[in-house]
There are 2 protein chains.
Amino acid sequence: MDNIPKLKDIAKQVGVSIATVSRALNNKPGVGPELRKKILRAAEKTGYTVNILARGMKTRTTATIGILLSDISNPFFAAVVSSMEKVLYPRHYNLILCNTNENPEKEKRYVNLLFSKHVDGILISPVGGRSSESLCREAVRRQRKIVFFDRVIKGIEADAVVIDNRVGMYEAIRYLVNQGHKKIACVAGNNNIYTSTERESGYRESMKHFLPDVQPVVAYGNYREKDSYTATLNLLSNSDRPTAILTANNLTSIGAIRAIKALGMRIPEDISFIGFDDLAWASIYSPPLTVISQPVDIIGITAASLLLRHFEEPTPEKPQKVLLKPELIIRNSVQKI
Amino acid sequence: MDNIPKLKDIAKQVGVSIATVSRALNNKPGVGPELRKKILRAAEKTGYTVNILARGMKTRTTATIGILLSDISNPFFAAVVSSMEKVLYPRHYNLILCNTNENPEKEKRYVNLLFSKHVDGILISPVGGRSSESLCREAVRRQRKIVFFDRVIKGIEADAVVIDNRVGMYEAIRYLVNQGHKKIACVAGNNNIYTSTERESGYRESMKHFLPDVQPVVAYGNYREKDSYTATLNLLSNSDRPTAILTANNLTSIGAIRAIKALGMRIPEDISFIGFDDLAWASIYSPPLTVISQPVDIIGITAASLLLRHFEEPTPEKPQKVLLKPELIIRNSVQKI
DNA sequence: TTGTACGCGTTATCAC
DNA sequence: GTGATAACGCGTACAA
């Protein structure tokens, strides 16, 4: 009925014990070279593949790792995941994808599910807040391999790969100020989201640094296009409009630009614009958008590599915190005034 | 050492056999209501979670499904996956993500890996070609649950969810012709990719239908931005330039637009443009892009639902082929001439 | 070098 | 209603 070939089948076929077959297939010593070849050939012919579940029962490994992020439909995350896959695939690790949708409850259930599936480790861009914190702390306490990327929870002893969000905002503000701007507004996400908090802080600090007399203006778009649209609309209906807008991520940028266009304003003639995240469309936009660019590939590759290191080097080193630098890419969406 | 609570632990704690605990936890009949509650509470307290590997050994299910696609960094796929997750999560199924990168070898290894991990089924947008075909045919033969989405392999008896690519191109050409265009070029992917072949055919057929005297012009960009850029550049350096360009997917659009801009041409004044796929940026582009839009959400939801149906309804119905309709969304990137 | 036998944590099939 | 116990397929200590 279930004609998936098993160790037993190929053992019977070759006329040896399953132990020998297992050893041969796993390149373990203790099998005659002659016999090994014969076994390998038989395995090939029958189309044998290990049952990773059964193997996992013994070895306590599954070669599977879980990844938790807000939503894969956010191109930033999609790009990061893609670069993670690049390093995981050659090492034969698989990725179980989990959208948390900024929902702590969902995040919790996914983490539990992942561990009950005995993933070897998890890559996580946590939702944030109390729930995330205790969840991750508990995971670390139980010796789970876990690496944060994009977002971290402070005070947890685990590997992390993030960018210096404040520096990103600093560069943007400095550039804007150099171009003569003072009334610079920021469309952020909200304070539950680590990167939004950091970017907003970066914005506020830099404003204070360069323009101590100017009152910072922040609108909250929840990292959602629709909310960012509304938030930006409000921002721009204000009596004294900002001359420049800074966004906190790519979805925010879309919403903000949509609002700008809805009001019949042009970039950069009527308002200057700097977006966070450099996606392909930003560079072909009219005008090409000046953006704060994250090293997307490096984030993914580094995070995945850090996790792999846990599996391959048994020595439990202390957690590594990798801080990557964003880069201001100057194009044509900022007007000199 | 490995202090993950097991059935045995909570059995010992409550003073009952593991069989009873198992029954209680799985809501199976045959446990006194009193005792059941006691067991549930104990499980809760110790933080017990089933070992899905061990369960899978017995039940032959893993509540895990594999998804194979070209590259998750393509926003179209990311969106589809996100909508799949929406229907899978409530049913407690997980997704193992596999990028095939249009590489038949990689696809094959991933499929084998997935089956050796005993996924309950797979969702696949196949690479195409001989390798994909025999791979999928073999999978179906072995009673594997498999549903195609976005791309299918003809002649294989399995569920499939695709759009009517030809109709999409037809609508676009009709509109272009109505706007007075004759010299309409198409930037396709290549002939290994199902959707590209279909879209190119749709383009050619529609051209023949509406403009029997005009020679179709097709360039191949391999669904990659860079190649599409080069292909479009060639197209436009031709002595008699097309007056309109039609692309075959979103990455192609980016490359094509980049080429148009590189030549200093404007949309739609110098050249009209219709793209395939309607991503957020297309509608805020200047000018807003006329596009052939796919029902991304429906594709994902339908494909995932079809797969779930296999698990939940034991009756093996005949394969369902779902054909969705794309929609021409008219914005401002086509000039009337 | 090779084989035997046990255990990984569950679920299912028997008994009681 | 409850408890032993046999699978599930594999890896491995131990014996030969």
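Each chain gets a letter, A, B and so on, in the order the sequences are listed, and its residues count up from 1. The structure displayed is predicted, hence computed values, not measured ones. Side chains are part of it too, since the values below use all heavy atoms of this structure and drop only hydrogens, waters and symmetry mates.
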For this session: Answer yes or no: is there an ion pair linking B/Glu133 with B/Arg137, defined by an N-O contact shorter than 4.0 Å?
Result: yes

Exercise. Between B/Lys117 (NZ) and D/dG9 (P), how many Å, whole number?
Worked result: 19 Å

For this session: For DNA chain D, find the residues of residues 32-57 of chain B with a heavy-atom distance under 4.0 Å and give them by number; none if there aren't any.
Result: B/Gly32, B/Leu35, B/Met57

Problem set entry | Distance-only side-chain donor-acceptor flag, A/Asn26 / A/Arg55, under 3.5 Å | yes

Exercise. When the distance from CD1 of B/Ile18 to C1' of C/dC8 is rounded to whole Å, what number comes out?
Worked result: 12 Å

For this session: Answer yes or no: is there a donor N or O on one side and an acceptor on the other, between the side chain of B/Asn99 and the main chain of B/Ile72, under 3.5 Å?
Result: yes

For this session: May I have the step-by-step check of side chain to side chain donor-acceptor pair (under 3.5 Å) for B/Thr195 and B/Tyr223, ending in yes or no?
Result: CA-CA 10 Å; B/Thr195 49; B/Tyr223 276 8; 2.8 Å; yes

For this session: Report the relative orientation of the aromatic rings in A/Tyr89 and B/Tyr110; use parallel for angles under 30°, tilted for 30 to 60°, perpendicular for over 60°.
Result: tilted

Exercise. Tell me: NE2 of A/His118 to C1' of C/dT10, nearest whole Å?
Worked result: 11 Å

For this session: Determine: side-chain N/O of B/Ser17 to OP1/OP2 of D/dA4, distance under 4.0 Å, yes or no.
Result: no

For this session: Calculate the interatomic distance between A/Ile10 atom CD1 and D/dG11 atom P; express it in whole Å.
Result: 12 Å

Problem set entry | Side-chain donor/acceptor of B/Lys58 to base of C/dA12, under 3.5 Å | no

Problem set entry | Rounded distance (Å) that lies between atom P of C/dC8 and atom CG of B/Asp9 | 11 Å

For this session: Calculate the interatomic distance between B/Ile4 atom CD1 and C/dC8 atom P; express it in whole Å.
Result: 13 Å

Seminar exercise, completed: Side-chain atoms of A/Leu7 come closest, of D/dC10, C/dG3, D/dA4, to D/dC10

Exercise. Is the phosphate of D/dG11, meaning OP1 or OP2, less than 4.0 Å from a side-chain N or O of A/Ser22?
Worked result: yes

Problem set entry | Distance-only donor-acceptor test (3.5 Å): side chain B/Arg23, base D/dG3 | yes

Exercise. Would you say A/Thr59 reaches D/dG11's phosphate, i.e. side-chain N/O to OP1/OP2 under 4.0 Å?
Worked result: no

Problem set entry | Distance test, side-chain N/O of B/Lys28 to OP1/OP2 of C/dA12, below 4.0 Å | yes

Seminar exercise, completed: From NZ of A/Lys12 across to C1' of C/dG3 the rounded distance in Å is 16 Å

Problem set entry | N-O pairing of A/Asp159 and A/Lys145 below 4.0 Å | no

Problem set entry | Between A/Lys106 and A/Asn101, a side-chain donor and acceptor under 3.5 Å | yes

Problem set entry | A/Leu25 CG - D/dC10 P separation (whole Å) | 9 Å

